There are 2 protein chains.
Amino acid sequence: MLRLSKKTDYALISLTYVASQGDRPASAREIAERHDIPLELLAKVLQRLVQRGVLKSQQGIHGGYLLARPADTVTVAEVVEAIDGPLQLTVCGTSDERCEQFSKCNIRDPLHRIRDRIIGALAACTVSELVNDRHDEPVAMPIAIGGMAIAGRRSHGSDH
Amino acid sequence: MLRLSKKTDYALISLTYVASQGDRPASAREIAERHDIPLELLAKVLQRLVQRGVLKSQQGIHGGYLLARPADTVTVAEVVEAIDGPLQLTVCGTSDERCEQFSKCNIRDPLHRIRDRIIGALAACTVSELVNDRHDEPVAMPIAIGGMAIAGRRSHGSDH
DNA sequence: CTAAACTAGGACTGTTCCAGTCGTATTTAG
DNA sequence: CTAAATACGACTGGAACAGTCCTAGTTTAG
Ligand code: SF4
Ligand code: SF4
C-alpha cells in the first residue's frame, strides 16, 4: 500500500525531537516516554541511525543522542533508506533481483522513473524543515536560562 | 519498504497491453499467458479495474477487456488507488485511523505534504505514456490491415 | 570501586498483510 | 446445450513487520 514502516515513523519523530533540543543529548528513554514509543524498539532505530551517520551517540550515565550533522543536511529520503533499506517500488529494483515477468515486462523503465521522482520528493524535505513545521506543545523548554540546566527533566512527569 | 503490490504491477502491465491492442478485447487468459501472470490472480485484478471504471468488460465466449476511457486519461495514481486502496504513507492517513502516538506526533503535516507530492508523481504518468515507453517485442501486431483481423492470435504460440 | 543509567546488538515471537489457489455462479456465441 | 469467457467470495501458506527479551559494554556520580 506504499506505506513507510513504523520504524521510519519513529526515526523521523526522534530526529525532529533531537534537533529541537539543541546540544543537549536526548536519551532513548526520554524520547520514548515523550512520544509513547516502545523503548526497546526505538533503541534499535536510534542505533541504526548512528550506524548510518545521521546521529551520534554518547554513552554513559548522562548519555544520549545528538545530530551528527546539521539538521538541514539530513533528508527524509536518507532516513527512509537508513531504516527501511533502499527504496524500490517493485522487486526488480536493484537489478540483482528479478521477477517471474522480467523478460516480458513492459513497464520497468517508466516505473523506475517514477521511483526516482518519489525519491526526489523525499529528498526535498529535511529534518530542519520538520522542526520548523511542528506546531505541537512548545515542549515546555526545560532548559534553564542561566546555568544549572536540566535536573528538572522529569518535571512533566507524574503521568501515571 | 514503500513498495507497491504485485497486483498493481499486474494491473499496469495489463493496462499497457490492453491499450496496445486497440479495439480488440484482450481476455484475462491471453494477458496472463503473454506475461506469465497467474490467471486467477490476474482475473481479480482486472475485475477490480472494471469496478473502478478503468476497464470495461465484455462477457461471453469472445469476451475480454477494453479500456473504458482514453489511455491518456488513466493515470498510474488512479490504478494504484484502485488496487491498493488510497495511498497513505502512515496509519494516520485518512483521519479516522489514528496511532498510539497521534496526540504527541510532531511530523503529521509535513508527512502529508510529502504524500501529496508522491501522489503527484504517480499522477504525472498516464497509461498512454507507458504504452509509448515500452520497447519490448513489437507484439507481432496480429491485427490485419484490411479486414478480417485476429484469427492468428496464437501465432506466437508453441511456448510450452 | 561500585552501582546506576545509559548505549549496543542479537534472538525470539506474535500478527498482519500479501500472493496465490479453489470453487462456483453467470453470461454469451455458436 | 456447451464451451469459453467474466464475476466473486472463501481459503491457505509464507514473508515481512512490530514488538519483546536478554545480555554485554560504557560512562559517571557518589
Ligand atoms: S513485473 Fe516488471 S516492473 Fe514489476 S517487478 Fe517484474 S520486471 Fe519489475
Ligand atoms: S506517528 Fe504521527 S505521522 Fe506516524 S502514524 Fe502516528 S500520527 Fe501519523
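Everything quoted here is computed from the prediction, not taken from an experiment. Chain letters run A, B, ... following the sequence lines, proteins first and then strands; every chain starts at 1.
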Enquirer: Looking at A:Thr16, A:Leu15, A:Ile13, A:Val79, which one forms a side-chain contact (heavy atoms from CB on, under 4.5 Å) with A:Leu130?
Expert: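 When A:Thr16, A:Leu15, A:Ile13, A:Val79 are each tested with A:Leu130, the side-chain contact (heavy atoms from CB on, under 4.5 Å) holds only for A:Thr16.
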
Enquirer: To the nearest Å, give me how far apart NZ (B:Lys6) and C1' (C:dT21) are.
Expert: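 These atoms are roughly 17 Å apart.
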
Enquirer: Between C:dC6, D:dA5, C:dG9, which nucleotide gets closest to the side-chain atoms of A:Arg29?
Expert: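 The answer is C:dC6, which lies nearest to the side chain.
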
Enquirer: Would you say the side-chain atoms of B:Arg134 pair up with the backbone N or O of B:Val131, donor to acceptor, closer than 3.5 Å?
Expert: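 Yes; at least one donor-acceptor contact below 3.5 Å.
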
Enquirer: Over how many whole Å does the gap from B:Ile31 atom CD1 to D:dA4 atom P extend?
Expert: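 After rounding, the reported distance stands at 18 Å.
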
Enquirer: Would you mind classifying the nucleic acid contact of A:Glu100 as base, sugar-phosphate or nothing, using non-hydrogen atoms under 4.0 angstrom?
Expert: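 Here A:Glu100 touches no strand at all.
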
Enquirer: Among residues at least two apart in sequence or on other chains, which ones pass side-chain hydrogen bond (donor to acceptor under 3.5 Å, both in side chains) with B:Thr8?
Expert: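 Once residues adjacent in sequence are excluded, the partners of B:Thr8 under the side-chain hydrogen bond (donor to acceptor under 3.5 Å, both in side chains) criterion are B:Ser5, B:Asp84.
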
Enquirer: How large an angle, rounded to 10°, do the end axes of the helix from C:dC1-D:dG30 to C:dG30-D:dC1 enclose when each is built from five base pairs?
Expert: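 That helix has its two terminal axes inclined by roughly 10°.
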
Enquirer: It should be established whether B:Ser5 places a side-chain nitrogen or oxygen under 4.0 Å from OP1 or OP2 of nucleotide C:dC17.
Expert: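 Indeed not, no polar side-chain atom of B:Ser5 lies that close.
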
Enquirer: State, to 0.1 Å, how close B:Leu122 and A:Ile118 come at their nearest heavy-atom pair, and which atoms those are.
Expert: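 For B:Leu122 versus A:Ile118, the nearest heavy atoms are CD2-CD1, 4.5 Å.
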
Enquirer: Using a 4.0 Å cut-off on heavy atoms, which residues in residues 74-82 of chain A reach DNA chain D? List them by number, or say none.
Expert: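 Output list: empty, so none.
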
Enquirer: Could you pull out all residues at least two apart from A:Leu39 that satisfy side chain to side chain contact (heavy atoms under 4.5 Å, CB included)?
Expert: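 If we apply the side chain to side chain contact (heavy atoms under 4.5 Å, CB included) test to A:Leu39, skipping adjacent residues, the hits are A:Ala28, A:Arg29, A:Ala32.
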
Enquirer: Rounded to the nearest Å, what distance is computed from the CD atom of residue B:Gln47 to the P atom of nucleotide C:dT27?
Expert: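 One finds 14 Å between P of C:dT27 and CD of B:Gln47, rounded.
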
Enquirer: For a 4.5 angstrom cut-off between non-hydrogen side-chain atoms, does B:Leu2 reach A:Leu89?
Expert: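 They are not in side-chain contact.
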
Enquirer: Side-chain donor-acceptor pairs under 3.5 Å in residues 45-59 of chain B, sequence neighbours left out?
Expert:
from	atom 1	to	atom 2	distance (Å)
B:Arg48	NH1	B:Ile83	O	2.7

Enquirer: Reckon B:Tyr65 has a side-chain N or O less than 4.0 Å from the OP1 or OP2 of D:dA7?
Expert: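 So the side chain of B:Tyr65 is within the cut-off, an N or O lying under 4.0 Å from OP1 or OP2 of D:dA7.
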
Enquirer: Can you name the side-chain hydrogen bond (donor to acceptor under 3.5 Å, both in side chains) partners of A:Lys6, sequence neighbours left out?
Expert: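 In terms of side-chain hydrogen bond (donor to acceptor under 3.5 Å, both in side chains), with neighbours along the sequence ignored, A:Lys6 is linked to B:Gln101.
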
Enquirer: With sequence neighbours excluded, give me every side chain to side chain donor-acceptor pair (under 3.5 Å) pair touching residues 64-81 of chain A.
Expert: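 For residues 64-81 of chain A, and leaving out neighbouring residues, the side chain to side chain donor-acceptor pair (under 3.5 Å) pairs sorted by first residue read A:Arg69-A:Glu78.
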
Enquirer: Which atom pairs link the protein and nucleotides 12-16 of chain D when you take only N or O atoms and keep those under 3.5 Å?
Expert:
none

Enquirer: If the threshold is 4.0 Å, N to carboxylate O, is there a salt bridge linking A:Arg24 and A:Glu30?
Expert: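 Looking at A:Glu30 together with A:Arg24, the answer is yes, because their closest N to O distance falls below 4.0 Å.
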
Enquirer: Rounded off to whole Å, could you give me the CG-to-P distance for the B:Leu42 and D:dA5 pair?
Expert: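 Whole-Å distance recorded here is 13 Å.
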
Enquirer: May I ask you to decide if B:Phe102's main-chain N or O and B:Arg108's side chain share a donor-acceptor pair within less than 3.5 Å?
Expert: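 Answer holds: yes.
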
Enquirer: Check the distance between C:dG20's P and B:His35's NE2 and give it to me in whole angstrom.
Expert: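 Rounded to the whole Å, the gap is 16 Å.
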
Enquirer: Distance check: side-chain N/O of A:Tyr10 vs OP1/OP2 of D:dA18, anything under 4.0 Å?
Expert: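 Checking A:Tyr10 against D:dA18: no side-chain N or O falls below 4.0 Å of OP1 or OP2.
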
Enquirer: Side-chain N or O of B:Ser27 versus OP1/OP2 of D:dA4: is the shortest distance under 4.0 Å?
Expert: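 Checking B:Ser27 against D:dA4: no side-chain N or O falls below 4.0 Å of OP1 or OP2.
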
Enquirer: Which residues satisfy the side-chain hydrogen bond (donor to acceptor under 3.5 Å, both in side chains) test with B:Asn132, sequence neighbours excluded?
Expert: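 Counting only residues at least two positions away or on another chain, B:Asn132 forms no side-chain hydrogen bond (donor to acceptor under 3.5 Å, both in side chains).
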
Enquirer: Just the rounded figure in Å: distance from P of C:dC17 to CD1 of B:Ile83.
Expert: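 Going from CD1 in B:Ile83 over to P in C:dC17 covers 18 Å.
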
Enquirer: Out of C:dA8, D:dT20, C:dG20, which nucleotide sits closest to the side chain of B:Leu41?
Expert: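 Taking heavy atoms from C-beta onward, the closest nucleotide is C:dG20.
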
Enquirer: Nearest-Å distance, CG (B:Leu39) to P (C:dT21)?
Expert: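 It is 10 Å, rounded to the nearest whole Å.
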
Enquirer: Strictly by salt bridge (Lys or Arg N to Asp or Glu O under 4.0 Å), give each pair with a member in residues 112-125 of chain B just once, sequence neighbours left out.
Expert: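 For residues 112-125 of chain B, and leaving out neighbouring residues, the salt bridge (Lys or Arg N to Asp or Glu O under 4.0 Å) pairs sorted by first residue read A:Asp133-B:Arg113.
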
Enquirer: Over how many whole Å does the gap from B:Lys7 atom NZ to C:dC17 atom P extend?
Expert: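 Distance, rounded to whole Å: 13 Å.
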
Enquirer: From D:dT6, C:dT7, C:dG9, pick the nucleotide closest to the side chain of A:Ala28?
Expert: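 Per side-chain heavy atoms of A:Ala28, the pick is C:dT7.
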
Enquirer: What residues form a salt bridge (Lys or Arg N to Asp or Glu O under 4.0 Å) with A:Asp109, not counting sequence neighbours?
Expert: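 If we apply the salt bridge (Lys or Arg N to Asp or Glu O under 4.0 Å) test to A:Asp109, skipping adjacent residues, there are no hits.
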
Enquirer: How does protein reach along nucleotides 21-30 of chain D, written 5' to 3' as B (base within reach of a heavy atom under 4.0 Å), S (only sugar-phosphate), or - (no contact)?
Expert: BB---BBS--

